[in-house]
Number of protein chains: 12
Amino acid sequence: MYVVKSPLPEDDLKTVSEALQGALVDLVDLSLVAKQIHWNVVGPRFRSIHLQLDEVVASARLHSDEVAERASALGVPSDGRAPTVASGTGITVPPAGWIKDTDAVSGMVAALGSVIGRMRERVKATGDADPVSEDLFIQITGDLEKHHWMFQAESA
Amino acid sequence: MYVVKSPLPEDDLKTVSEALQGALVDLVDLSLVAKQIHWNVVGPRFRSIHLQLDEVVASARLHSDEVAERASALGVPSDGRAPTVASGTGITVPPAGWIKDTDAVSGMVAALGSVIGRMRERVKATGDADPVSEDLFIQITGDLEKHHWMFQAESA
Amino acid sequence: MYVVKSPLPEDDLKTVSEALQGALVDLVDLSLVAKQIHWNVVGPRFRSIHLQLDEVVASARLHSDEVAERASALGVPSDGRAPTVASGTGITVPPAGWIKDTDAVSGMVAALGSVIGRMRERVKATGDADPVSEDLFIQITGDLEKHHWMFQAESA
Amino acid sequence: MYVVKSPLPEDDLKTVSEALQGALVDLVDLSLVAKQIHWNVVGPRFRSIHLQLDEVVASARLHSDEVAERASALGVPSDGRAPTVASGTGITVPPAGWIKDTDAVSGMVAALGSVIGRMRERVKATGDADPVSEDLFIQITGDLEKHHWMFQAESA
Amino acid sequence: MYVVKSPLPEDDLKTVSEALQGALVDLVDLSLVAKQIHWNVVGPRFRSIHLQLDEVVASARLHSDEVAERASALGVPSDGRAPTVASGTGITVPPAGWIKDTDAVSGMVAALGSVIGRMRERVKATGDADPVSEDLFIQITGDLEKHHWMFQAESA
Amino acid sequence: MYVVKSPLPEDDLKTVSEALQGALVDLVDLSLVAKQIHWNVVGPRFRSIHLQLDEVVASARLHSDEVAERASALGVPSDGRAPTVASGTGITVPPAGWIKDTDAVSGMVAALGSVIGRMRERVKATGDADPVSEDLFIQITGDLEKHHWMFQAESA
Amino acid sequence: MYVVKSPLPEDDLKTVSEALQGALVDLVDLSLVAKQIHWNVVGPRFRSIHLQLDEVVASARLHSDEVAERASALGVPSDGRAPTVASGTGITVPPAGWIKDTDAVSGMVAALGSVIGRMRERVKATGDADPVSEDLFIQITGDLEKHHWMFQAESA
Amino acid sequence: MYVVKSPLPEDDLKTVSEALQGALVDLVDLSLVAKQIHWNVVGPRFRSIHLQLDEVVASARLHSDEVAERASALGVPSDGRAPTVASGTGITVPPAGWIKDTDAVSGMVAALGSVIGRMRERVKATGDADPVSEDLFIQITGDLEKHHWMFQAESA
Amino acid sequence: MYVVKSPLPEDDLKTVSEALQGALVDLVDLSLVAKQIHWNVVGPRFRSIHLQLDEVVASARLHSDEVAERASALGVPSDGRAPTVASGTGITVPPAGWIKDTDAVSGMVAALGSVIGRMRERVKATGDADPVSEDLFIQITGDLEKHHWMFQAESA
Amino acid sequence: MYVVKSPLPEDDLKTVSEALQGALVDLVDLSLVAKQIHWNVVGPRFRSIHLQLDEVVASARLHSDEVAERASALGVPSDGRAPTVASGTGITVPPAGWIKDTDAVSGMVAALGSVIGRMRERVKATGDADPVSEDLFIQITGDLEKHHWMFQAESA
Amino acid sequence: MYVVKSPLPEDDLKTVSEALQGALVDLVDLSLVAKQIHWNVVGPRFRSIHLQLDEVVASARLHSDEVAERASALGVPSDGRAPTVASGTGITVPPAGWIKDTDAVSGMVAALGSVIGRMRERVKATGDADPVSEDLFIQITGDLEKHHWMFQAESA
Amino acid sequence: MYVVKSPLPEDDLKTVSEALQGALVDLVDLSLVAKQIHWNVVGPRFRSIHLQLDEVVASARLHSDEVAERASALGVPSDGRAPTVASGTGITVPPAGWIKDTDAVSGMVAALGSVIGRMRERVKATGDADPVSEDLFIQITGDLEKHHWMFQAESA
């Protein structure tokens, strides 16, 4: 079914839409992982980390919406369904059950680090094909790196 | 690891925590399904349904948080990870790609109907064991049935 | 015309929908009666009662909306038209013309008392059939009894 | 019981107070009719019309308050009780039960058209007697005609 | 010193500017009188009247600003200085010292009644010369008559 | 294509719709002219005038919307397209390039003076035919004359 | 002195009013105890616990108001005076002087646990007599158990 | 346990900390007494006094927080526990049960008068030792005397 | 008529109440003078001074209310009536008619300078008798001196 | 007249300023065209499109302001006057009179598509000369493509 | 260049202006030091201290503005330039690079302690010369001592 | 001490961190210089420039925070201490004492021009190494150039 006409030529569109779909899966899963830890973290720093994680959730939800709506604007439908997220995410599944606050922090350092690595590749991959999508990936990368610093600082 | 002491005896706790874990999975998936359609719906009623779906997302996110934190308050960790959601949800996976507005509406009627059915069973199952959780399920049921009516009204 | 499928079996639905329709008529009329006195009250306590009545109006309008939309969610259309309200209300028609502040207070004590009595019966009638509607009637009863206390306190 | 002294001479007062009482009844009924359809409308345009009707309700409630308080300021008590509204309104009673969205729109075009016609006569009738009331009727007319246009535009 | 060019011919301007200057003096004094009673009222209804008077003050300050800026827009400077207000006001000077709440109410009925009487004459006087100023006087009259009703209602 | 039924008879409608269409063109152009100077003004008073002009833009945009929607309410479509504005406006085209602050002020005095003159004629022309439109023109005139005074005051 | 007529029969009223009075004393003391620790807590987690305690204070104050006003609505005066609270509370008096952060957390776990235990009994005791009060106790219990979880999580 | 180093020498600290501890007890009890009357007042002036008392509660809570945190800043822990308040307050315990509105007003005049008398002595006692605490007592005194005037005015 | 009992002995009360009454008259007149210039200022700096003067008006109105209510709290009624202000103010009556912006600035420097001088004397006069009133005068002086600096800076 | 010194060399400035002037004209016209359809659209989807168009207007007005102020920051005056817009726009003039909702949607798809095409060229043209302007064009393009998608989705 | 006339005699002015200039330098440096640690703190308590330090920054910025504007009001220009702050501050320069959270807390205890000591001397030095400045120093001292307590509490 | 792991390779990190540290020093000093002039400016345009400078301060504070937190996110601590700012800034130290408004404007033109020049070099230097930092510098440059234009416009 033809729906939305893309402003990009075929080749560029393929490059950019793969990057957007990959980013969407990473960001939806980041929101699920951060919520999982938000609910299950325990330890003396519980309250601080519980609140901090909801800020990661807010970032991840905002950016996943921007990414999916950017794909629509380029004429490509998105896929953020649970099985797609479960199979396609680049984040290691966190353990079930209560999580000690120190493990929560190191887990978030790892999860963010993994998403950031792939997001920086998307910046490089899309610069020529679509500067609008590149700009979106740059802003998301900057935001995630800020969260990454804060969890690392807490591990020092 | 012992963490949070439950105010409920063992048996009641088992009943209630199963109901809460089931509700959590349904609600997280409801938020993913509603976002999926929010991004991909097309047709003359696009804008109206696009906005309406974000209200479902907001309800589902709020209630999933309430349910998971209620489990924590009862001394039971929650599981809202992507693979758990993908395998445990009671909602049929929506189709990939663009979705006609009429299909979006009928899809939401089905998805909500399915979650409501199980939620009403949870109300019955938990009334004796924990009136606090029962009260939470009653409020969630009422809210979902309101969304359900609105999508049905649009199918008339 | 079939429109919205009810989550309740036939018998329960009959019980609950009669309770909701009765409550709707009472609440719409309560908002009209409170406005009538809001406009026409006179006496040294005019300002205090004038303001207090608008809080009753706000409660009555909010609850009438909740009740009617609950009926829709159960698959039953509501009837809040003027002739239905005029003939079905449980509140005695207030007198025309200016109303002394002491009469305004005693009139509201009577009007609220009458609605509360019927609302408590609805709580009892609907508990088995639909806990969602029962919960709504409980909350409305609690709110009306708070207003009832305040007008009684002013009669002391 | 003498209460509030009128700034108008006897004859003018009679003209103006009849116009205000008539407007009050029309506006209270308009709020009831719009709510009735708000609850019972069904069809593909459900959500849009459901929201639009609440804007009519807000207008009608605001203006009925302005009209009744204007009567008080002129020394005349108002009558907005259910039987008075049921017997005195100029709006045809809407049908009971679910209402198709197309019928909802045409019903509102008719209801608003009927109130606007009488309101324009009130503008003419009160101009000499009381410019303050005339000004109020002019503003109400302009507001209702804006709603009237919008429902007509949707019938095109 | 010539400053702002009037959109009105000489004769109309004279009529309108006298009306505006008279209204300004009345409204500034109304704000001073209402504050005087706001500070000095005593009696069982102290709190209610104390608050009610600040609403009169807010109205009087708002309208005095509108009136003076309307005069400027017509090219005529305004005079709201204390000696001009003291000598030109149409409101009887209230007594010094504490004021019983019943006297506060009757005093406000008299003060408002006196200003309203003159304001209605200004509506009549300016209609032909400047409909913009006439409209402003109509709105001020309506607002003051609302306050007037409320204090009268409290005397009933 | 018949769309919206007018509440006015043919002759009155012609008079009023011409006045509304003329006002729309003037107000849209006033917003463009004020923005043009807002961007290009220079001189020691830059900041004050830059801010003041955005208040004129806000007024002009608000009133153009009110005027066009009033036309719709009377059953007449509006024309606010660029060529219509360019050819039909009563405001002299401002010069291109940077504008000294003193020239900006005198330019706005002239532009506002020109629009006000025509707007006062529209008040007179429409009073008999449609008091609602007349009332709208009166309010717009009052608002524009306030801006006019302020720029004149700055030229003193 | 007879003041407010109860909607409950004598026996039910006795049961419910004892539960409400007991809850009031517990909640007022909970607000005093949480403030006491809020002021005197010291240790590395000072800031986090200082802020967290003010959220407990806010909950306790809100719920004590709801409980006392529910008693009034049932026709029973409340007693929240200092000696009544000091002698009737179910919370152990906290120690005077500075409190280490770890002791603050364990002290709050104990205080909340003690109040929750009694509140759950009140839910059971009042369900038959007054569902409105029961519903209030259920909501308070849910809220206190959420605070309880958080302090326990910090002890892990 | 040494915790916070005081900026004051030993003697001054003793003087100031006794004054702060005394003020804390008075202010906490003032909040309890005002709430007690807020819940139990009856009579024609119920609503006005009910609202007015919540403003006293807000003042007393705010000031008790300022006083206790000032003690902490001086290196002295505070004691606001129920038994300390019950035994140390300077306010006479109010009677149990419903309170007539006239008695509520005279009771608040007495309670505030009693606290104000001691607060003025604290202003005198602490001026030399710590101008920061003196300034705090001055502001509290001014605020309480404003409430005191209002209740006296209502007794006139 | 005895109304409000003063917390001050007779002699101190006389000193303080004279200072408060003098301050009230100065502040009410400052608000009238600043409004007078706000309406009538012309010249290139019109907009800046027009806005700045409304900030002086806001300060003067706020402080006059604080001063009059402080007098009431001390048991002394205030006098802010127009003739009292006209005869008792320490500010020279500003000239009638349009005021050049440079004259507006120098006029405000003079008016504020005159009020500040007397306010500093009131600080000295009341320190021993009533530190609460002294503190109020100190804050008012600081606020007026800030306005004074700004107008002086504009004269440089 | 030399006014603002550009941070760019002559050649780069020429390139960038032409792109900015072109974008300004497109964006101003987009706001006029979207308002034109906002006022004149009719058909069953009237309300939804009427609201959606005001969001396009808000985007277009915001971006036209950013573009013109960017030109000023580069030392180049802008030209957004009606004749310049009428002759320079890249959008086809919409038809006069009422517009069917389907035509409104397709008209907006065309108008946005046309502006987006030229905006993408501006991104390419300015990247080397001025990354600040390039970044602005990228953000505007992304925003317009989001609106473009939504109208296309409604045509599906 | 003479600019603002001081309300103080020469000698008093010298005393007060030296105190204000010293306070300004301390407060500007406090804001820079707190920001430095805000950016560079690491350790498990990172988030809590990061947020707490921004509250110190807000206090320091607010008070530096009050102090500098108080100097202007006394006719004395202020000096808050970087070299003046670097050479005149009473706070020890914090170390470069990452700062452990425990060192951050002890560093802030020392920095605040040093500023508080000098601020208390300024309170003493200025009381006779200018009670307005004294009052400002008292409020700043109270605010800084509150921050000081909190960092000390975290060191316990 | 190893703390935060950089996402950049060694060489790129060196380039980017030097640019960020340089930008931090410039921006902190810009905030100090703008505040210095904000406090000391005099002349007829005092108020306008006083307010305008606080907008520069807000920009400079916001951007210095973004820059320092970007450095942290890259694993590099920042240095914003007073001696570092005093010795490293690229802005000429402004003169001490009162500043004429014309000098204030030309001083800000120079200060902003100097910072913008270096910021544009940072955009160029960092584009290859880190597009996130480049994007931040682009946005800061655009914002500073907007302020720069406004002060230049005031010099025209």
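If you're wondering where the values come from, they're calculated on a predicted model, not measured in any experiment. Numbered from 1 within each chain, the chains take letters A, B, ... in sequence-line order.
Expressed to the nearest 0.5 Å, how far CG of G:Asp103 lies from CG of G:Asn40 amounts to 12.5 Å. Taken from CD in B:Glu154 to CZ in B:Phe151, the straight-line distance is 6.0 Å, to the nearest 0.5 Å. How far CZ of B:Arg70 is from OG of B:Ser78: 11.5 Å, rounded to the nearest 0.5 Å. B:Leu32 contributes atom CG, which lies 11.0 Å from atom CG of B:Leu27 (distance to the nearest 0.5 angstrom).
Neither side chain, B:Asp143 nor B:Gln139, offers a donor N or O lying under 3.5 Å from an acceptor on the other.
Proximity to chain B among residues 50-66 of chain G is not found for any residue, judged by heavy-atom separations below 4.5 angstrom. Residues of residues 114-127 of chain G lying within less than 4.5 angstrom of chain B, judged on heavy atoms, are G:Arg120, G:Val123 in numerical order.
For the set B:Ser133, B:Gly75, B:Pro7, B:Ser72, the count of heavy-atom pairs under 4.5 angstrom toward chain G peaks at B:Ser72.
Across all their heavy atoms, G:Lys100 and G:Pro44 have their closest contact at NZ-CD, 4.4 Å. Minimum interatomic distance between B:Asp101 and B:Gly43 (heavy atoms only, all atoms of both residues): OD2-C, 3.2 Å. Of all heavy-atom pairs spanning G:Ala68 and G:Leu24, the tightest one is CB-CD1, 4.0 Å. Shown here for G:Leu13 and G:Leu74, the closest heavy-atom pair between the two residues is CD1-O, 3.6 Å.
For chain B, no part of G:Glu134 is nearby; none of its heavy atoms comes within less than 4.5 Å. Heavy atoms closer than 4.5 Å to chain G are found nowhere in B:Ile138, neither backbone nor side chain.
Judged by distance alone, the side chain of G:Asp26 and the main-chain N or O of G:Gly90 form a donor-acceptor pair under 3.5 Å.
A salt bridge links G:Glu18 with G:Lys14; the closest basic N to acidic carboxylate O contact falls under 4.0 Å.
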